[in-house]
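Contents: one structure, followed by commentary.
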Amino acid sequence: MGRSLSLNAEVAGLELGHPVLNGSGTFDAIAALRAFGPDLLEQFPFSAFVSKTITLAPREGNPPPRLWEAPAGMINSIGLPNKGLEGFIAQDLPVLATLPVPLVVSVAGFSYEEFALLVEAVAAEEPVAALELNVSCPNVKSGCVMGAEPHETLALLERLRPLTSKPLIVKLTPNATDVGAVAEAAERGGADALSLINTLRSVAIDPATGRPWLGAGSGGLSGPAVRAVALEQVHTVAGRTGLPVIGMGGIRTGADALDFLAAGASAVAVGTENFRDPAAARRVREELESLARKRGVQGVGDLAGTRARRKKASQMQVKSQPA
Ligand code: RRO
């Protein structure tokens, strides 16, 4: 008889049945519940659900067009449309509270004070297990500043940390000069975990006009096109902090997920692939399980970046190509 295998994972005190979450904004659980009914709850694809980012005031989002299909990925310029804090708590939260997994609510403020109001109000809601601080939206002016500069990230965390004992997960941007330094600042400020990457700032040119295609001009690139970048950043961040990392960026298969765990992530998230196949995360989990069985390991910890493995990884030099 083979040894028993557990896919249980733990991130920032959240007990997860397996290590596959969703990336914020890539799976509309409320629409999925309407479409699939209670079957969805029985076969929920993610071990925790991360909401689309909310802001203090309602937002319409960016002008269309908002999407562009890129080679091996897509560029979005959605622009954070949402009902605002009050609308979210009144209308969405009661439905999201019925999901069979821990609920993580993603929030974004345009100032430290807006972030503080959001964190206080959201953390006070009983069904909320953790908060994700989105300091990395590429599609709003000022969206990245708090996540691109280490001193801004530290100041934000120093303002927010005293407001709640619930876990704070910081969603990092790949559009930073030194993502490791931002990660260290988040850790110093008291973050419980890090998630990365958000999308890479990018532009699509309309071949008919020679001008930017997206209504807002630029957007964020995601999908397999960004996976190697995401792996490098996860590897760097896991080596430079002791915080658990939720790794994402172009994960389509169990083997992709395994790469992120090997690079130092404690859990992974499926994002763009959910748009192609809403059941993708279940397949990723099953493939991961079968890879783990083949390797004869007993748990995700044997695949994932434990502290010791992370330390070793941080000592590895990422070889650069000669110019
Ligand atoms: O809504 C968006 O345009 C958006 C957000 Br909040 C984000 O964090 N990342 C992204 O690619 N798009």
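Atoms within a ligand are numbered from 1 in the order they appear, just like the ligands themselves.
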At a 4.0 Å threshold, what atoms of ligand 1 neighbour a non-hydrogen atom of Gly79?
1 (O), 2 (C), 3 (O)

Can a salt bridge be assigned to the pair Asp192 and Arg161 using a cut-off of 4.0 Å between side-chain N and carboxylate O?
yes

Of all the atoms in ligand 1, which lie at a distance below 4.0 Å from a heavy atom belonging to Asn134?
6 (Br), 7 (C), 8 (O)

Examine the side chains of Thr173 and Asn198 and answer whether a donor and an acceptor come within less than 3.5 Å of each other.
no

Output all residues satisfying side-chain hydrogen bond (donor to acceptor under 3.5 Å, both in side chains) with Glu125, sequence neighbours left out; order by chain, then residue number.
none

Presence of salt bridge, Asp256 and Arg227, under 4.0 angstrom:
yes

Are the charged groups of Asp277 and Arg282 less than 4.0 angstrom apart, N to O?
no

Does only the side chain of Lys52 get under 4.0 Å from ligand 1, or the backbone, or both, or neither? Count heavy atoms.
side chain

Can you tell which of Thr26, Ile197, Leu80, Asn198 gets a heavy atom nearest to atom 6 (Br) of ligand 1?
Leu80

How does Asn62 reach ligand 1, by side chain, by backbone, by both or by neither, if only non-hydrogen atoms under 4.0 Å count?
neither

May I ask which of Thr55, Thr199, Asn82 has a heavy atom nearer to atom 11 (O) of ligand 1 than the others do?
Thr199

Charged N-O contact under 4.0 Å between Glu158 and Arg188
no

Closer than 4.0 angstrom: is that true for some heavy atom of Gly220 and an atom of ligand 1?
no

Between Ile78, Asn76, Leu200, flag the one that comes closest to atom 12 (N) of ligand 1 by a heavy atom.
Asn76

